Amino acid sequence: STGSPALTALVNPTGDLLALQTAAGLAFYDLALPAPLGVFTATQLSEMQWSPDGQWLALVFPGTTGNAVALWGRTTNRVQVLADMVEAGH
């Protein structure tokens, strides 16, 4: 289909943080504040999942040679890429 990609929103288990995927990237919000905490520029996230305590968000997105795995931390307010996995050859 054509047009703008669908938005994906995921509230953390404690209900105070929101991850919102847009065409510009992934924005992180503290729902008590009006402005985003930060934006991660990966625009093609394939998966995201909050940790049970709501402090970490795991992300899977296309990397340089395959899928990359990263974590966003509430206290650090940073995305740390943990692995850039090599796609298996055919």
Side-chain angles (χ1 to χ4, degrees):
S1 85
T2 59
S4 298
L7 295 177
T8 300
L10 190 62
V11 176
N12 74 342
T14 55
D16 59 341
L17 293 176
L18 171 72
L20 180 65
Q21 183 180 2
T22 69
L26 182 66
F28 302 98
Y29 290 89
D30 179 328
L31 295 177
L33 303 174
L37 297 171
V39 176
F40 179 53
T41 57
T43 58
Q44 297 179 353
L45 293 174
S46 55
E47 293 191 43
M48 59 181 176
Q49 183 65 48
W50 287 103
S51 64
D53 67 358
Q55 299 298 305
W56 299 94
L57 182 67
L59 310 167
V60 178
F61 57 94
T64 55
T65 58
N67 282 332
V69 177
L71 281 178
W72 175 83
R74 180 182 196 152
T75 57
T76 62
N77 194 21
R78 292 182 50 211
V79 173
Q80 178 181 359
V81 176
L82 303 176
D84 193 352
M85 297 173 271
V86 176
E87 192 170 337
H90 291 67

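Predicted, not measured: the structure shown is a model, and the values here were computed from it.
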Asker: Return the orientation label for the Trp50 and Trp72 ring planes: parallel under 30°, perpendicular over 60°, tilted otherwise.
Answerer: perpendicular
Asker: Can you name the closest pair of heavy atoms from Val79 and Ala70 and give their distance?
Answerer: CG1-CB, 3.7 Å
Asker: Run the side-chain contact (heavy atoms from CB on, under 4.5 Å) test against Asp30 and tell me which residues pass, sequence neighbours left out.
Answerer: Leu17, Ala32, Leu33, Leu37, Arg74
Asker: Do the non-hydrogen side-chain atoms of Val81 and Phe61 ever get within less than 4.5 Å of each other?
Answerer: yes
Asker: Could you check whether any side-chain heavy atom of Leu26 comes within less than 4.5 Å of a side-chain heavy atom of Leu57, counting everything from C-beta outward?
Answerer: yes
Asker: If every non-hydrogen atom of Met48 is compared with every non-hydrogen atom of Leu59, which pair is closest and at what distance?
Answerer: CB-CD2, 3.7 Å
Asker: Look at the side chain of Thr8 and the backbone N and O of Gln21, then say whether any donor-acceptor pair between them is shorter than 3.5 Å.
Answerer: no
Asker: Write down the atom of Pro13, the atom of Gly54, and the distance for their closest heavy-atom approach.
Answerer: CD-CA, 3.7 Å
Asker: Would you say the side chain of Asn12 lies within less than 4.5 Å of the side chain of Phe28, judging by non-hydrogen atoms?
Answerer: no
Asker: Could you state whether Leu45 and Leu10 fall into the same hydrophobic cluster, counting links through intermediate Ile, Leu, Val, Met, Phe, Trp or Tyr residues with side-chain heavy atoms under 4.5 angstrom apart?
Answerer: yes
Asker: Quick one: closest heavy-atom pair of Leu18 and Ala9, and the distance?
Answerer: CD1-CB, 3.9 Å
